[in-house]
2 protein chains.
Amino acid sequence: MAAASIRDVAQHAGVSVGTVSNVLNRPGEVSAESISRVHRAIEELGYIRNDAARKLRAGVSTTVGFVVLDGQNPFFGDVVRGAEDEASRHGIAVLYGNTDEDLGRQRMYLDLFEEQQVRGVLISPYGDINPRLERLRSRGIAAVLVDRFSGDGRFSSVSVDSVVGGRMAVEHLIETGRRRIAFVGGPFDVRQVTDRLAGARVAVENSTESVEIEVIVTGALTVAEGAAAAARILDRPRRDWPDALFAANDLLALGLLQGLIVAGRMLVPDEIAIIGFDDIAFAAAAAVPLSSMRQPSGVIGRTALRILLEETADPELIPRQTVFQPELVVRASTAPRR
Amino acid sequence: MAAASIRDVAQHAGVSVGTVSNVLNRPGEVSAESISRVHRAIEELGYIRNDAARKLRAGVSTTVGFVVLDGQNPFFGDVVRGAEDEASRHGIAVLYGNTDEDLGRQRMYLDLFEEQQVRGVLISPYGDINPRLERLRSRGIAAVLVDRFSGDGRFSSVSVDSVVGGRMAVEHLIETGRRRIAFVGGPFDVRQVTDRLAGARVAVENSTESVEIEVIVTGALTVAEGAAAAARILDRPRRDWPDALFAANDLLALGLLQGLIVAGRMLVPDEIAIIGFDDIAFAAAAAVPLSSMRQPSGVIGRTALRILLEETADPELIPRQTVFQPELVVRASTAPRR
DNA sequence: AATCGTACCTGAATCGATTCAGTTCCCGTC
DNA sequence: GACGGGAACTGAATCGATTCAGGTACGATT
């Protein structure tokens with residue numbers, strides 16, 4: 001049984017194909033009689049519109065692409081869910097692509113999405129992506145940057161102020177009595193990492209206390225790298241330990257936490273405080289509930305998708321930068337020393 | 001600048017459109033000369049194939065849909081990543097849809113995917129989905145069930161043996177000296193929940209010890225529901241507490257763990273042991289590292305996608321059921337009482 | 001009664017890649 | 001040199017939904 005086409009529906013309903021199309025796309029211009037006949041025919045034949053033909057002729061698309069930096073990270077999972085949730089409201093599907101910070105994969109997905117003529121692209125970018133996005137734009141495909149501020153304002157973006165977040169995190173550590181702070185994060189070509197570090201430095205410089213800050217570099221923002229970094233810290237003579245760690249994200253922070261259980265003894269928070277970034281769902285359920293900088297992940301996804309749809313509706317819109325403020329969530333991992 | 005079409009490429013390269021198409025799709029039938037001319041033209045014009053036209057005429061699609069039961073759960077995140085990873089190898093994109101155990105959304109996504117004429121559908125189904133999948137099949141869209149055994153063998157499936165997993169989990173609890181076991185899970189229209197409970201019961205019945213098992217029902221498989229269930233347990237008089245909990249998944253288990261910290265005192269594992277299911281990445285990093293039944297999540301996704309592609313290549317293939325065995329991962333949360 | 005306007009409908013042209021029947025050209029064979 | 005066969009190429013027909021110029025019917029207006 002071949003799938004029913006619009007011609008079959010027209011015949012079945014006793015109208016022309018043009019009328020069927022009008023029922024589907026501008027019901028205002030069709031008589032009530034025709035509408036109901038067509039709907040009945042659609043029902044009876046189990047007709048489903050062929051999106052390829054529709055896209056080909058009308059150029060409209062019911063798909064948006066989302067290129068994600070790190071699918072392993074629940075933070076991005078939450079962002080995707082937010083976007084997908086909003087998309088489903090508009091009958092739009094989300095094409096999902098994970099780059100794992102790999103330029104080749106990023107390029108591949110953008111090609112794929114261009115081939116698909118998606119309505120638009122959400123992207124948490126890696127490296128310099130502007131030329132590629134400009135090209136997409138010249139083909140009528142809008143793009144919104146997610147979790148990354150668009151420095152030159154050429155594209156809309158939805159992000160969280162990582163510099164402020166970094167500052168707030170370290171201010172909190174200082175307020176709770178910490179003086180030897182280590183920032184744990186890397187690689188430094190991820191913008192969020194450098195921003196959070198910059199914020200941390202601001203907090204240290206602004207402080208009236210005498211506070212030291214060092215940087216412990218990791219190869220990735222993962223639990224495993226966090227645990228490895230913890231091992232490196234414990235290798236030092238005790239007097240060289242920092243008394244607080246600010247991790248560039250919660251995955252690192254959880255890894256650090258895991259690594260700071262020494263011979264059954266939990267060093268957190270009495271010896272060493274830890275604060276993470278993102279406030280993923282598992283931060284609260286950690287060995288020692290983890291203080292973190294909360295990002296409104298679902299809202300970020302929804303907002304990005306909404307802006308994308310607005311821009312595709314009106315390509316003349318001026319790009320706008322939406323910046324959310326992170327929120328400090330204090331839990332046990334940064335309790336003051338007893 | 002309108003996007004270049006195959007006609008522009010043909011003109012630019014001085015060949016016919018048919019030849020360009022052949023270069024792209026069956027380069028074996030074209031002379032080396034033509035191939036290089038066409039490739040140069042493609043390069044110079046920045047030509048990208050119009051997938052809509054391609055799909056319309058040839059019926060081939062470079063997209064598969066993945067309908068996920070619970071996007072919040074990192075387990076599914078890992079499965080999606082596995083599938084996406086395999087898909088990217090074949091130049092295929094994954095359309096992602098989250099149902100949150102909602103029949104309406106499930107239907108919406110299947111409609112959307114049918115409209116898109118995806119190459120095939122991966123689905124972790126909710127409720128009775130067979131009729132809908134049969135219809136997709138009659139339209140040439142294959143489907144593979146993920147994380148759910150296809151009882152009647154009408155579709156291929158990739159799953160983990162939840163009954164065996166449930167049995168192994170509870171056998172482990174019994175072996176480590178537990179006798180009053182509670183299964184925590186729900187709702188019961190999720191197949192995995194009933195299977196895991198069934199396995200648990202088998203373990204109890206087979207045991208030579210005198211073991212009791214009770215069922216604590218939750219409304220969802222989430223951290224919050226786990227914490228709530230823990231609160232209900234602690235409300236009972238102490239002598240009525242179970243001495244071990246088998247949670248239907250790790251999210252519940254993490255919630256239970258969180259809830260079983262009473263006035264700073266950790267009841268796990270000395271008073272109450274906990275074992276979860278899925279072995280998500282955060283199980284190991286929990287307050288008390290969580291024992292769990294590991295599912296090979298990435299492999300499940302990859303395998304499902306590979307089977308889907310094989311089936312779309314040869315629709316006559318007989319559906320096959322791939323069942324992985326879960327693996328017991330013992331951590332601190334089920335250590336024997338001291 | 002003629003004219004106009006409005007509401008509704010029709011059906012052919014169109015989008016761009018693929019496909020396939022048909023053409024051209026060249027080489028080998030008898 | 002006539003013929004067959006294969007390699008390479010051409011270009012029109014095709015997929016199905018949308019669009020739009022044109023057509024019909026009917027009531028209102030003069």
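Note on naming: letters A, B, ... go to the chains in the order of the sequence lines (proteins, then strands), and numbering restarts at 1 for each one.
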(request) Output the single nucleotide from D/dG16, D/dT10, C/dA17 whose closest atom is nearest the side chain of B/N22. (result) D/dT10
(message) Under 6.0 Å from the ring centre and within 45 degrees of the ring axis: does the NZ or CZ of B/R148 meet both conditions for the six-membered ring of B/F155?
(response) no
(request) Would you please confirm or rule out a distance under 4.0 Å between OP1 or OP2 of C/dT19 and any side-chain N or O of B/R26? (result) yes
(request) Give me the bend of the helix from C/dA1-D/dT30 to C/dC30-D/dG1, using the axes of the five pairs at each end, rounded to 10°. (result) 50°
(message) Counting the atoms with a prime plus P, OP1 and OP2 as sugar-phosphate, which does A/S31 contact under 4.0 Å by heavy atoms, base, sugar-phosphate, or nothing?
(response) sugar-phosphate
(message) How many whole angstroms separate atom CD1 of B/I6 from atom C1' of C/dT19?
(response) 11 Å
(request) Measure from CG on B/L56 to C1' on C/dT19 and round the result to the nearest Å. (result) 13 Å
(request) Verify the distance criterion only: is there a donor paired with an acceptor across the side chains of A/E86 and A/H90 at less than 3.5 Å? (result) yes
(request) Check if the side chain of B/R54 and the base of C/dT18 share a donor-acceptor pair of N or O atoms closer than 3.5 Å. (result) no
(request) Quick one: label B/S21 by what it contacts on the DNA or RNA (base, sugar-phosphate, nothing), any heavy atom closer than 4.0 Å. (result) base
(request) Kindly say if B/R57 contacts the phosphate of D/dA13, meaning a side-chain N or O under 4.0 Å from OP1 or OP2. (result) no
(request) Could you work out which one of D/dT10, D/dC9, D/dT19 sits closest to the side chain of B/V15? (result) D/dT10
(message) Counting only side-chain nitrogens and oxygens, does B/S5 get under 4.0 Å of the OP1 or OP2 atom of C/dG16?
(response) no
